[in-house]
Engineer: 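Please find one structure pasted underneath; my questions will follow.
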There are 2 protein chains.
Amino acid sequence: MVEHSARLDAVFHALSDPTRRAMLGHLAERDCTIGELATPFSMSFAGASKHVRVLERAGLLRRRIRGRIHQCRLQAERLAEADAWMRRYEHFWNDRLDTLEALLRAEDTSRAKKQKD
Amino acid sequence: MVEHSARLDAVFHALSDPTRRAMLGHLAERDCTIGELATPFSMSFAGASKHVRVLERAGLLRRRIRGRIHQCRLQAERLAEADAWMRRYEHFWNDRLDTLEALLRAEDTSRAKKQKD
DNA sequence: GATATATTGAACCACATGGTTGAACATTCC
DNA sequence: GGAATGTTCAACCATGTGGTTCAATATATC
């Protein structure tokens, strides 16, 4: 497996802040300028700019500078990497369902037996 | 939607450190004591203990104290929550494939046309 | 050229982080 | 009881974090 480690560090760190997650939410609907990303949060422009840079360094958005406007676009490949990491644990959170399913199957079997008897 | 925000903060923060991700990797294979979690990393016992607490507070592991031994078990529900959050973006990282597919289809169509001509 | 707009940079603050060390605690073993 | 084992606590350190403010830069508009 490739050495994704530092990348995952950056992505998970970027996602660990609710402001940044909300920014990604906005970017999911449409491309945004820094200003548009800043205004929903009662926060200084410079503060928002820092958050955007964290997202950018994590590879979660791409910035296109057109004149004085910085247009940001969601870039989800790194999210995919992070998701791939998480899915290695998928069967752990499905186990309860699996167990339940097994129980139901066993119940059916015993009921079928009873009917035969 | 429920207010998962603080939980997601904690989970993503916990995942943003490579040592902690590796610890989860070990826990995925078998339950471990704090000592077993600490030894693979050239790190003090107390340091490992801190990491474990971060994972515990994020709800990613459960600790069962039996005498002087603290047995840790992976608990993946919170991973599932984080994964659910990420999958809202799933179509973004599938878009490239979709686009490629569309291009291939278009190419086929135009080739078919040429053959007709 | 002057002014308004969009963004970053730099300096700062309070606080959290990842790490250490050494002492303390609790339990098990001899 | 005494010694070894497994773990945490407390204090400390260097660095990073999320936030601010104010100045600087670059572009657009009048």
Engineer: Do A:R68 and C:dT5 have a side chain to base donor-acceptor pair shorter than 3.5 Å?
Structural biologist: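 Checked by distance alone, the answer is yes.
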Engineer: For B:R20 and C:dG18, is the shortest distance between a side-chain N/O and OP1 or OP2 below 4.0 Å?
Structural biologist: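 Yes, within the criterion.
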Engineer: A:M23 and side-chain contact (heavy atoms from CB on, under 4.5 Å): which partner among A:D17, A:I34, A:L55, A:V54?
Structural biologist: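 Among A:D17, A:I34, A:L55, A:V54, the one meeting side-chain contact (heavy atoms from CB on, under 4.5 Å) with A:M23 is A:L55.
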Engineer: Is the backbone N or O of A:A14 less than 3.5 Å from a side-chain atom of A:R20, with the two atoms forming a donor-acceptor pair by type?
Structural biologist: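 Yes, the answer is positive, given that a donor and an acceptor are paired below the 3.5 Å cut-off.
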Engineer: Considering heavy-atom distances to DNA chain D, does A:R66 or A:H51 have its closest nucleotide positioned more toward the 5' end?
Structural biologist: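 This one resolves to A:H51.
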Engineer: Below 4.0 angstrom from OP1 or OP2 of C:dT17, is there any side-chain N or O of B:H13?
Structural biologist: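 Checking C:dT17 against B:H13, a side-chain N or O does come within under 4.0 Å of OP1 or OP2.
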Engineer: As a test of reading the structure: which of C:dG19, D:dG19, D:dG6 is closest to the side chain of B:F45, going by heavy atoms?
Structural biologist: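 Selected nucleotide: D:dG6.
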Engineer: Would you mind telling me which residue lines up with the more 5' stretch of DNA chain D, A:G67 or A:S42, judged by nearest nucleotide?
Structural biologist: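 Nearer the 5' end of the strand: A:S42.
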Engineer: How are the rings of A:W85 and A:F12 set to each other: parallel, tilted or perpendicular (split at 30° and 60°)?
Structural biologist: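 Rings of A:W85 and A:F12: perpendicular, over 60°.
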Engineer: Can a side chain N or O of A:R53 be found less than 4.0 Å away from OP1 or OP2 on C:dG9?
Structural biologist: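 Answer is yes, contact under 4.0 Å.
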Engineer: Taking everything shown except A:R73 itself, do over 12 heavy atoms lie less than 6.0 Å from its CZ?
Structural biologist: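 Not buried by this count: 12 neighbours or fewer within 6.0 Å.
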Engineer: Output yes when at least one side-chain N/O atom of B:S44 is less than 4.0 Å from OP1 or OP2 of C:dT20, else no.
Structural biologist: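 Checking C:dT20 against B:S44, a side-chain N or O does come within under 4.0 Å of OP1 or OP2.
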Engineer: Among C:dG9, C:dT21, D:dG18, which nucleotide sits nearest the side chain of A:A46?
Structural biologist: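 Comparing C:dG9, C:dT21, D:dG18 against the side chain of A:A46, the answer is C:dG9.
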